[in-house]
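Just so it is clear, the model here is predicted, and its values are computed rather than measured.
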Amino acid sequence: MERVSPFFLLFILILFPCLSHATSHQINTDESALLAFKPLVSSDPNNILKRNWTLGTSVCTWLGVTCDSCYNRVTHLNLSRMGLNGSIPPEIGNLSFLVSLNLSGNSLHGHLPKDICRYSNLPSLKELQLSINKLEGEIPVSLGECPQLEILDLSYNNFGGHVPTQIGNITHLKELWLNWNNLRGTIPKEFGALNKLEMMWLDDNKLSGSIPREVWNLTALLELRIKNNSLSGPIPSTIGNLSNMESLDLSFNVLNGPIPSTIGNLSNLRYIWLGSNKLNGSIPSTFVNQSKLLQLELNANNLSGEIPPSICNLRFLMVLFLSYNNLEGSFPYCLGNLSASLVILHLNANKLSGPIPSTFTKGCSLQSINLNGNKLEGILPHTLVNCKDVLGIDIGDNKIRDVFPFWMETLPQLRVLVLRSNKFNGAMSLVASNSNTERPFPKLQVLDISHNAFVGILPDRYINKFQGMIDAKENQTDDETKRYLSYLELKLTLKGLDQLMKRLLDTFTTLDVSSNRFSGGIPSSLGNLNSLRYLNLSHNTLNGHIPPSLGSMSLLESLDLSSNKMDGKIPGELAKLTFLAKLNLSINSLEGQIPQVGQLSTFDNESYVGNAGLCGLPLTRKCEGSDGKPSPPHVEVESDREIEWGYVFVAAGYVFGIGIFSWLLLLCPSFRYKYFEKVDDVFEKIFECFQRPKKRDRGRRVVRNQARRQQ
């Protein structure tokens, strides 16, 4: 007789308990719970549950279901992103072996409450059935009866109501994902019992109240994301307890008070998002302790004081977002030294002063630089040319005094250059002619140099080479570049209105040189910019005719040539601009009939006023004669003008006063006598004033003569 291996016996001993527990009763418990879920799913576009979850087959073979090998109990249920619509039954709590529940990315709304009619306010059962998919059910409280649950993911659904406090009973829970729902109320303080919780995502809901102090004691937390809610109150100093925290996102709430210095205890932090709150006070200098920090976003708060130099010790920092605060003082000189790691540097809309440091090193990684809306002075540092990957530079609304930075034309990826509202000066065309770059600004699609003091003619050399405005296909980018382009914020004047753009599309193009001192004619080469959508040349001293080639800019949506010295007729080729939504040719010296083709006659008077020689619709000034010239000005011009009642009243007052004075002079002898007596006195005094110097000179001569005689 062969000996039985001791290893075989050990295997049998281990396997036997598993076999003994695999009873039909236990399988039926899990099966019943899942079958209770199936009829409540009102929409299953792929018929996954209908075809696969059927009686007579093992529940462990159902799609989305995973069982353990020992007890054959359901441990994982994953129905994410299957387009399911419906509710979750309370029986879900009977899955007592469940370790992971993932129902994310559907349109589930939980188990509807018994008093559903009170919420729906529907008059009939038929209407209730038609709209049941739109209702927001609550998350089943029975989930608190799943003691083994470690991962609960109900994100991207339509759950409403309060967050169940019973979730605090799931003491093994490590990941809680309830983000992107319609949850209301407060964060349960019972979450403080989840001492194994590593990830808690509650962002993009409608939660309110303060963050419970119990949450700040969850020392195992690695990620806490509660952005885009209505949470209020201060951030307590006990945030320093979360020493393992790697990602903290509390942005887009109404949190107030200062940022506690104990945040420096979170030495493992890689991402901090506290933007768009009401935080005040200064930026803690303790941020120096986050040596692993990649992103620091404190934008859109009420922070004040100076930017602490300790930020420059964050050697791996990639994103620094401090915009829209009240920060003051000088631009930290050491920030340029971070340019090897920094990708996004946004300090716009603060009160920073002094020069921009020239410490941008070789190998600069910056892709977006936004310093708009400060009080920065001096010149643009030429070391910015080291940032070969830069996509956007915005230093608008400062006090920079310099010539046009032609040296930037070699930046191969530059999409956005905003220099508006500074003190740039000089002849831009002359500066451009000094360069021999074959393809200057090869990808530029936004150029705004408005409200400066540039002079001379428009730089035809650049206009001919703006490939990003000639062919928008040149602007197509990969996904990684698009991610960084999404950080760009542009404050531009479009269609006559100041607008804030929070992202840059590949097809968006604009050229704004308004409010400078450019002179000469408009180069016909502008017509080559086939992909240009916004063109603003207003408030300069440009002269000559409007080039017919502008009619070739087929995508143009806004054209502003106002407040110049343009003359001649409006070219009929402009009627080809079928996308044109805004046209302003006012305050020039244009003449002749407005072309009555296309949409040129559909713009209102404001598009053409201030051109004495123009006539035809939409103006009320009619054209007469075969030459198309307007009728005499004394007829038409006056008909266009409103009555200036102020001048009328003043003139009437003068006439009335002179009439009264003349009547008194003619018919009232006593008044006439006193009037001329006063006039006579005035003339005598004037005569005395003229005679007085002569008398003084005569007296001096008499004195001198007497003195000579005495000698």
Report task. Keeping the roles fixed (side chain from N157, backbone from S155), state whether a donor-acceptor pair exists under 3.5 Å. Result -> yes

Requested in this report: Using side-chain contact (heavy atoms from CB on, under 4.5 Å) as the criterion, point out the one residue from L154, L152, I170 that pairs with L176.
Outcome: L152

Query raised in the report: Once you round to the nearest 0.5 Å, how far does CZ of F159 lie from NE2 of H109?
Result: 9.0 Å

**Report entry** side chain to side chain contact (heavy atoms under 4.5 Å, CB included) evaluation trace for L183 with N229
**Finding:** CA-CA 10 Å; L183 299 170; N229 281 284; over 6 Å; no

Query raised in the report: Between T75 and T66, is a side-chain hydrogen bond (donor to acceptor under 3.5 Å, both in side chains) present by the stated rule, with each step listed?
Result: CA-CA 6 Å; T75 57; T66 303; 5.8 Å; no

Report task. Measure across F191 and L218 and return the closest heavy-atom pair with its distance rounded to 0.1 Å. Result -> O-CD2, 3.6 Å

Report task. Look at R270 together with E246 and state whether they make a salt bridge at an N to O cut-off of under 4.0 Å. Result -> no

Query raised in the report: Regarding N179 and D204, is there a side-chain donor-to-acceptor distance under 3.5 Å anywhere?
Result: no

Query raised in the report: For the side chain of S365 and the backbone of A340, is there at least one donor-acceptor N/O pair under 3.5 Å apart?
Result: yes

Report task. Give a yes or no on whether the backbone of A33 and the side-chain of N94 come within a donor-acceptor separation of less than 3.5 Å. Result -> no

Query raised in the report: Run the side chain to side chain contact (heavy atoms under 4.5 Å, CB included) check on Y271 and E223 step by step: do they pass?
Result: CA-CA 9 Å; Y271 306 95; E223 295 186 13; over 6 Å; no

Query - Value rounded to 0.5 Å, distance of CD1 in I88 from CG in L40 - result: 9.5 Å

Query - Audit row: V319, L294, side chain to side chain contact (heavy atoms under 4.5 Å, CB included) steps and yes/no - result: CA-CA 6 Å; V319 176; L294 300 178; over 6 Å; no

Query - Minimal non-hydrogen separation, L222 against M245, with atom names - result: O-SD, 3.4 Å

Query raised in the report: Under 3.5 Å, side chain of S42 to main-chain N/O of N85, donor-acceptor pair present?
Result: yes

Query raised in the report: Within the side chain of N350, is there an N or O that forms a donor-acceptor pair under 3.5 Å with the backbone of N348?
Result: yes

Report task. Show the numbers, then the answer: is there a side-chain hydrogen bond (donor to acceptor under 3.5 Å, both in side chains) between T238 and R213? Result -> CA-CA 8 Å; T238 49; R213 54 187 174 85; over 6 Å; no

Query raised in the report: Hey, are the side chains of W53 and D44 touching, using non-hydrogen atoms and a 4.5 Å cut-off?
Result: no

Report task. Check K375 against N398 and note the closest heavy-atom contact, atom names and distance. Result -> N-OD1, 3.3 Å

Requested in this report: Find the distance between CD1 (I344) and CG (L317) and round it off to the nearest 0.5 Å.
Outcome: 11.0 Å

Query raised in the report: Is there side-chain contact between L207 and V163, with at least one heavy-atom pair below 4.5 Å?
Result: yes

**Report entry** Test item: D203 and F252 side chains (from C-beta on) under 4.5 Å apart, heavy atoms
**Finding:** no

Report task. For the pair R420 and D448, evaluate salt bridge (Lys or Arg N to Asp or Glu O under 4.0 Å) and give the outcome as yes or no after the intermediate values. Result -> CA-CA 6 Å; R420 62 178 289 167; D448 188 349; 3.5 Å; yes

Query raised in the report: Do the ring planes of F321 and H346 sit parallel (below 30°), tilted (30 to 60°) or perpendicular (above 60°)?
Result: perpendicular

Requested in this report: Check step by step if side chain to side chain contact (heavy atoms under 4.5 Å, CB included) holds for S237 and W216.
Outcome: CA-CA 9 Å; S237 59; W216 306 114; over 6 Å; no

Report summary line: To the nearest 0.5 Å, atom CG of L255 lies from atom CG of L274 at 8.0 Å

Query raised in the report: If you measure from CG on L77 to SG on C67, what distance do you get to the nearest 0.5 Å?
Result: 10.5 Å

Query - Residue W62 excluded, over 12 heavy atoms near CH2 under 6.0 Å - result: yes

Requested in this report: Considering non-hydrogen atoms only, spot the tightest contact between N325 and L303 and give its length.
Outcome: OD1-N, 3.0 Å

Query raised in the report: Are any non-hydrogen side-chain atoms of L298 and F287 less than 4.5 angstrom apart?
Result: yes

**Report entry** Within-4.5 Å side-chain heavy-atom neighbours: P357 and Y333
**Finding:** yes

Requested in this report: Establish, from distance only, whether the side-chain atoms of S251 and S276 form a donor-acceptor pair under 3.5 Å.
Outcome: no

Report task. Would you indicate whether the side-chain heavy atoms of L279 and I235 approach each other to under 4.5 Å? Result -> yes

Query raised in the report: Taking side chain as C-beta onward, heavy atoms only, is W177 less than 4.5 Å from N102?
Result: no

Query raised in the report: Can you name the closest pair of heavy atoms from L143 and L101 and give their distance?
Result: CD2-CD2, 3.7 Å

Requested in this report: Kindly say whether S208 contributes a backbone atom to a donor-acceptor pair with the side chain of S230 at under 3.5 angstrom?
Outcome: no

Query - Rounded distance (nearest 0.5 Å) linking atom CG of L84 with atom CG of L49 - result: 5.5 Å

Requested in this report: Ignoring hydrogens and angles, tell me if any N or O in the side chain of S285 forms a donor-acceptor pair with the backbone of P308 under 3.5 Å.
Outcome: no

Requested in this report: Give a yes or no on this: more than 12 heavy atoms of other residues, nucleotides or ligands lie within 6.0 Å of atom NZ of K174.
Outcome: no

Query raised in the report: For N181, does its backbone N or O pair with a side-chain atom of N205 as donor and acceptor, under 3.5 Å?
Result: yes

Query - Sub-4.5 Å side-chain heavy-atom contact between I226 and V215 - result: no

Query - Heavy-atom closest contact (P39 atom, L35 atom, distance) - result: CD-O, 2.7 Å

Query raised in the report: Is N244 reaching over with its side chain to a backbone N or O of N268, donor-acceptor style, under 3.5 angstrom?
Result: no

**Report entry** N301 side chain vs N277 backbone, donor-acceptor pair below 3.5 Å
**Finding:** yes

